[in-house]
Amino acid sequence: MPTKLILEILIFSILLLFIILYIVRKGRITIKYSLVWLFSILIILISAIIPNFMMSISNFLGFQTMSNMIFSLLIALLIFICISLTIIVSGQKEKIKLLIQEVSILKRKIEENEKK
């Protein structure tokens, strides 16, 4: 892998890391949900730091060029992120449904008490 490409990947990864940490520090995302992004950044950093290791994996998995493997790896990371975000959204949906039910019950009890 060319040195310029390694340098660009490292800069991109470090910039992305700082962005995620800034967002966590501002409280816009919790650490729990940022772990998916931090894991992705770690994989990208490892692939940039150890290019021969990635070439070995690429050959072992049968990719003809390393760029094909990198694209496949990035697509897999995006799918992983989408799945984990879907899990998060589903959990939030259930919590919202429970809250709506609890608020409705409390509202009904308040209305009943006001009638008495």
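All values below come from the heavy atoms of this structure, side chains included, with hydrogens, waters and symmetry mates left out.
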Drop me the distance from [X]'s [atom1] to [Y]'s [atom2], to the nearest 0.5 angstrom.
X	Y	atom1	atom2	value
Gln92	Ile87	CD	CD1	13.0 Å
Asn59	Met69	CG	CE	9.5 Å
Leu85	Ser90	CG	OG	10.5 Å
Gln101	Ile105	CD	CD1	7.0 Å
Leu16	Trp37	CG	CH2	7.0 Å
Thr30	Leu35	OG1	CG	8.0 Å

Would a single hydrophobic cluster contain both [Y] and [X], if residues Ile, Leu, Val, Met, Phe, Trp and Tyr are joined by side-chain heavy-atom contacts under 4.5 Å?
X	Y	result
Ile83	Leu73	no
Phe60	Ile57	yes
Phe80	Ile46	yes
Ile31	Ile41	yes
Ile43	Leu5	yes

Going by heavy atoms in the side chains, are [X] and [Y] under 4.5 Å from each other?
X	Y	result
Ile81	Ser40	yes
Leu10	Ile6	yes
Glu94	Leu98	no
Lys107	Ile110	no
Leu74	Leu77	yes

Checking side chain to side chain contact (heavy atoms under 4.5 Å, CB included) for the pair Leu42/Leu38: CA distance, chi angles, key distance, verdict? CA-CA 6 Å; Leu42 179 68; Leu38 295 174; over 6 Å; no

Among Ile49, Leu45, Ile44, Ile14, exactly one meets side chain to side chain contact (heavy atoms under 4.5 Å, CB included) together with Ile9. Which residue is that?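 Passing option: Ile44.
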
Do other residues, nucleotides or ligands put more than 12 heavy atoms under 6.0 Å from the CG atom of Leu99?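 Yes - once you tally the heavy atoms of other residues, nucleotides and ligands closer than 6.0 Å, there are more than 12.
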
Please determine whether a side-chain nitrogen of the Lys or Arg among Lys116 and Glu112 lies less than 4.0 Å from a carboxylate oxygen of the Asp or Glu.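 Salt bridge flag = no for Glu112 with Lys116.
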
Would you tell me whether Thr65 and Asn68 have side-chain atoms, one donor and one acceptor, within less than 3.5 Å of each other?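 Indeed, the side chains of Thr65 and Asn68 share at least one donor-acceptor pair under 3.5 Å.
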
Full working for salt bridge (Lys or Arg N to Asp or Glu O under 4.0 Å) between Glu111 and Lys115: CA-CA 6 Å; Glu111 289 174 356; Lys115 289 180 181 179; 5.9 Å; no

